[in-house]
Amino acid sequence: MKALVWTDKNAVEIHERDIPEYKNKVLIKVAYAGICGSDVSVFMGKHPRARTPLVMGHEFTGTVEAIGDGVETPLNVGDHVVVNPLYYCGRCRACLSGNAHVCRSLRLYGTDTDGGMAEYTAIPEKNILKLPSELPLKIATLIEPVAVVIHGFRMIRKQFYGSAAVIGLGPMGLLSALMLKDAGVSHLYCIETNSERAERARSLGLEVIDPVACDSVEYIRNKTDGEGVDILVEASGSAAAAKSMTAIAGVRAEILLLSVFKDAASIDLRTVNFAEQTIIGSRVYTAVDFKDAIDYVKNNTEKLMHVISHVRPLSDAQKTFDEIVSGKTNTMKVLLEINPKL
Ligand SMILES: [Zn+2]
Ligand SMILES: [Zn+2]
């Protein structure tokens, strides 16, 4: 089989490998694998845990090719499936208290061990969820990032009927903005510097502010009678966003940190005091968030399709990663098409 292997800083190669051993596991024929921001940091050699050689990919879908000896499962060969890529120790305090998604030694298929950017991958049965047959495997690759947003939103205690803002309209920010609209926010302000990303969002009916052309703090303050927004989703990971988020958020606002900051960022904590704001940390998703993301994607296929900007063959993977890293191509969610016939 063909496997895309991360071999060195900024280098991936297609290797011919044996189909993985699948005793006590389920063998999946992979259809599509999404490229996540964390795959890009692996590719660039910046991920703290990833080691070469590695088959990346934790956002993938496919069909059940074979069920290994010793596996009891309701799955059948040919079923459409998605993989929850998280695995955990089961012994630490987080795991014991039912919060395995923040396990002290949380691991992912595609980051810590081989994942989905190969024609076949072998995964334990408990990590595999059956997809409704009417849900196309291409759009179903968004289940994992949608689960991240669902998890973040479930951490917000405020009602969604007030105003909201999203900083950063990459795939996570765009998903958040679309899902906040669904959740019933009264006004939604999005902030994005990349003009093509902004245009994509505008074409979906979102209001987008370019913080370079206009002072986004002042703009949102003016539009909200000086109050600021009730809910703010930080999806850019940029230091400038960290500085402005407490000023955009209003009194008793909740600020959800959806993206991971590349470096320690500075925040004006005085506003957090004086306005009694809450900053919410959020990491991946629980098993229930992941399960519910399947239904969300199924029920919103047409809208979510706009989050996928490119579908590339596995043979173009090096070029595709290079383009994403260079920032020259306007990419939103990019998928690798691995077994195009599925
Ligand atoms: Zn991801
Ligand atoms: Zn644990």
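In listed order, ligands and their atoms are each counted from 1. Just so we're clear, the structure is a prediction, and the values are computed from it rather than from any experiment.
Interatomic distance, OG1 of Thr278 versus CZ of Arg252, reported as 7.0 Å (0.5 Å rounding).
Listed by chain and residue number, the protein N/O/S atoms under 2.8 Å of the Zn ion (ligand 2) are Cys89 SG, Cys92 SG, Cys95 SG, Cys103 SG, with waters left out.
Thr121 and Tyr109 share no side-chain donor-acceptor pair at under 3.5 Å. With hydrogens and angles left out, the side-chain atoms of Tyr296 and Asp182 include a donor and acceptor closer than 3.5 Å.
The side-chain hydrogen bond (donor to acceptor under 3.5 Å, both in side chains) test with Tyr87 singles out one residue from Asp112, Thr113, Asn127, and that residue is Thr113.
Trp6 places a side-chain N or O within 3.5 Å of a backbone atom of Phe43 that can act as its donor or acceptor partner. Here the side chain of Asp39 pairs a donor or acceptor atom with the backbone of Cys36 at under 3.5 angstrom.
Distances from the Zn ion (ligand 1) show that Glu59 has an N/O/S atom below 2.8 Å.
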